[in-house]
Amino acid sequence: MDSQTSQSSQASEAPSSPHTFQVDLRGLVDLLSHHLYSSPKVYLRELLQNAVDAITARRAEQPDAPARVRLVAQDGTLRVEDSGVGLTESDVHSLLATIGRSSKRADGLREARADFLGQFGIGLLACFLVAERIRVVSRSARTPDARPVEWTASDDGSYTVRTLPDEARPEPGTTVHLTARAGAAEWLSARRVRELARDFGALLPYDVRVGEEAVTDLPAPWDRPYPSPAARRVALARHCHEQFGFTPLDSIDLDVPLAGIRGVAYVLPAAVSPAQRARHRVHLKGMLLTERAEQLLPDWAFFVRCVLDTDSLRPTASREALYEDETLAAVREALGERIRSWLTGLAAGDPERLTAFLAVHHLGVKSLARHDREMLRTMLPWLPFETTDGQLSLEEFAQRHPVVHYTRTVEEFRQVAPIASAQGIGVVNGGYTYDSDLVEALPAVRPGTVVAELDAETVTAHLDSVDPGEELALADFLAAARAALDPLGCDVVLRSFHPLSVPALHLDDRAARHEQARAQAEEQADELWAGILGSLRGGAPRARLVLNHLNPLIRRISSLPDRELIGTATESLYGQALLMAQRPLRPADSALLNRAFIGLLEWATHREDEH
């Protein structure tokens, strides 16, 4: 290898000098405003967090140090002053000039990290959401001899650092000055600052004021002493209205000492959909973290809204939501247990309040009882169900009927309820959300209870058969009726049953409906798909129209000599039975109803013409 090649090789192997990433501050602020923070209002929370953390850091070393934060807003500027630990010139260079560096990691304070809320550098960076210029004046409490230092930054990414005379800031602490950027002066107005400070800082442990007005309001409403339970309920109801805009049915204390949680759950005064995401207000060490926490409670507890303070839950990077981890899962379970205990307590000691609650939120309790056998056992005397005997609890219904029959759909219940009731069969409508699951779980919590699903065969079996001789005499009538409904996949049977006012009853079950749907799809499909559907043809019983032999109208129709008129009348009875059962009509059913109606009108008007 010649010398030139050797020199070239050595040059290529020599380490290159390090480079520093260049940060476009305006681009970064735009990223924060559009993807990290939900609103520019978080700038004030970040300022409060920095001030509170600075005071916490100072008090870790000087327990008697003053603990105050003052905010003054005027003419598009904001001044935030704290009596915290302060910064030296070297702190300013290392912390404010490096994005993401946290003052809470330095100088042996790692062990106190859990007492802090945020990161100083990121917190100040968030201020650029509303400010074009930030000026920080700080004096260190740890280094009393150090002179005050000033850090001034603009939203173009430039900054300057200089030391100031002692009189610029005689006492330890930090003052942050913001100058509003174009179009953002409203965020620094006295009214908006006061509003945001109250919202974010009402539960902070230090003396926070906007001008002369106190922001903090301690102790929290759920921790204050009250002259009586009634006075406490009134005060909490007022707090709920202030936070959520509604007056609660009741309030539930949420106290989980092991998780560092104190708060209250407010019961909504009106029913809401289980699919609606509940949003709760969560404070982290006194600072409002989010007012839209969605995963705080179990899904079944959708009937409450919570306000709580915690020191254990982990915030996301934006500090506007909770991080889903094992701690949050444990807290969710513990809070669910508190709500469950509240329900159990009402059942044991305050049935009137429980009844009022269930009148609105029975769906939430049913959701809980579906998975919690003990809760189902507790709520059996209280949860309402639609039955053939009216609105009853499962406990009362099971006491009346040796066999608890139920239907899986509302349509099935509508079909059989009048007839089953007349025959002495007790039926529960299991078609509503969670109801069939709870009926099926009844034997597990009430030993000896017999539960059976009610189907068309069971109902038909309870109807009285017609005398064979009378049925044989009506063979031509039944043949004409069956011919009229055969294209619809429906049989016709003759029975005697009460009430007499019901001329016909339409009965089917899920298997029959599935077969009808399959047949209808087969008719509309192409040759290949029709072949596939044809291979799926089942032997399920068809739907049936049960004609009531005791009904006067059926007797008159059965004596008609005109076979075509019998078919038209049977179609009319079929349509009327479907409507009475509140069943959705297929296109073929609608066409039949129209055809039967026109046919009867033609027959009636034709008779008038003959006269």
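Treat the numbers as computed from the prediction; the structure is a model and nothing was measured.
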**Asked** Can you name the side-chain contact (heavy atoms from CB on, under 4.5 Å) partners of E564, sequence neighbours left out?
**Response** D562
**Request:** Test side-chain contact (heavy atoms from CB on, under 4.5 Å) on D199 and R281 and set out the steps.
**Result:** CA-CA 11 Å; D199 202 33; R281 292 176 65 90; 2.9 Å; yes
**Message:** For Y226, is the OH atom crowded, meaning more than 12 foreign heavy atoms sit under 6.0 Å from it?
**Reply:** yes
**Message:** Let's go through D253 and R232 carefully: what are the C-alpha distance in whole Å and the side-chain angles of both, what is the deciding distance for side-chain contact (heavy atoms from CB on, under 4.5 Å) to 0.1 Å, and is it a yes or a no?
**Reply:** CA-CA 11 Å; D253 284 323; R232 186 175 191 271; 2.8 Å; yes
**Request:** Find out whether W603 and L565 are in side-chain contact, i.e. whether some heavy atom of one side chain is under 4.5 Å from a heavy atom of the other.
**Result:** yes
**Donor-acceptor contact present, side-chain Y266 to main-chain V307, <3.5 Å** = no
**Fill in**
Rounded to the nearest 0.5 Å, the CG atom of L376 sits from the CG atom of L438 at a distance of 5.5 Å
**Prompt:** Once you round to the nearest 0.5 Å, how far does CG of D309 lie from CG of L203?
**Reply:** 5.5 Å
**Message:** For the aromatic rings, using the six-membered ring if either is Trp, is the centroid distance between W342 and F357 under 6.0 Å?
**Reply:** yes
**Message:** Counting neighbours of CG on L258 that are heavy atoms of other residues, nucleotides or ligands and sit closer than 6.0 Å, is the number greater than 12?
**Reply:** no
**Item:** Any donor-acceptor pair under 3.5 Å from D491 side chain to R544 backbone
**Value:** no
**Asked** Is the closest side-chain heavy-atom distance between R400 and L392 below 4.5 Å?
**Response** yes
**Asked** Atom SG in C490, atom CG in L578: separation rounded to 0.5 Å?
**Response** 8.0 Å
**Pairs where residues 494-503 contributes a residue and the test salt bridge (Lys or Arg N to Asp or Glu O under 4.0 Å) is met, not counting sequence neighbours** = none
**Item:** Criterion side-chain contact (heavy atoms from CB on, under 4.5 Å) on T310 and V331, from CA distance to verdict
**Value:** CA-CA 10 Å; T310 175; V331 165; over 6 Å; no
**Request:** Look at the side chain of N548 and the backbone N and O of F497, then say whether any donor-acceptor pair between them is shorter than 3.5 Å.
**Result:** yes
**Donor-acceptor contact below 3.5 Å, side chain S312 vs main chain G260** = no
Could you pull out every donor-acceptor pair under 3.5 Å between side chains of residues 478-486 and any protein atom, sequence neighbours left out?
residue: R482; atom: NE; partner: V492; partner atom: O; Å: 2.9
residue: R482; atom: NH2; partner: V492; partner atom: O; Å: 3.1
residue: D486; atom: OD1; partner: R542; partner atom: NH1; Å: 3.4
residue: D486; atom: OD1; partner: R542; partner atom: NH2; Å: 2.8

**Message:** What I'd like to find out is whether the side chain of F302 reaches to under 4.5 Å of the side chain of L268, using heavy atoms alone.
**Reply:** no
**Asked** Would you say R373's side chain and V445's backbone share a donor-acceptor pair under 3.5 angstrom?
**Response** no
Identify each donor-acceptor pair in which a side-chain atom of residues 377-385 lies under 3.5 Å from a protein atom, sequence neighbours left out, and give them as a table.
residue: R377; atom: NH1; partner: E374; partner atom: OE1; Å: 2.9
residue: T378; atom: OG1; partner: E374; partner atom: O; Å: 2.9

**Item:** Check: T290 side chain, V282 main-chain N or O, donor-acceptor pair, under 3.5 Å
**Value:** no
**Message:** Could you tell me if the side chain of F413 sits less than 4.5 Å from the side chain of V428, heavy atoms only?
**Reply:** no
**Side chain S367, main chain L363, donor-acceptor under 3.5 Å** = no
**Message:** Between E242 and R238, is there a side-chain heavy-atom distance shorter than 4.5 Å?
**Reply:** yes
**Item:** Within-4.5 Å side-chain heavy-atom neighbours: R446 and Q399
**Value:** yes
**Asked** Can you find a pair of side-chain heavy atoms, one from P503 and one from L573, that are under 4.5 Å apart?
**Response** yes
**Item:** Partner set under side chain to side chain donor-acceptor pair (under 3.5 Å) for E324, not counting sequence neighbours
**Value:** R332
**Asked** Considering residues, nucleotides and ligands other than E352, do more than 12 of their heavy atoms fall under 6.0 Å from its CD?
**Response** no
**Message:** Ignoring hydrogens, what is the shortest heavy-atom contact between I261 and L335? Give both atom names and the distance.
**Reply:** CG2-CD2, 4.3 Å
**Item:** Residue E326 excluded, over 12 heavy atoms near CD under 6.0 Å
**Value:** no
**Message:** If you apply the rule side-chain contact (heavy atoms from CB on, under 4.5 Å), what do you find for F303 with V360, and how did you get there?
**Reply:** CA-CA 9 Å; F303 51 83; V360 178; over 6 Å; no
**Request:** Take R414 and E386 through the salt bridge (Lys or Arg N to Asp or Glu O under 4.0 Å) test and state the conclusion after the steps.
**Result:** CA-CA 11 Å; R414 297 284 183 264; E386 183 180 6; 3.1 Å; yes
**Within-4.5 Å side-chain heavy-atom neighbours: C306 and L297** = yes
**Pairing residues for P219 by the side-chain contact (heavy atoms from CB on, under 4.5 Å) criterion, not counting sequence neighbours** = D223, R224
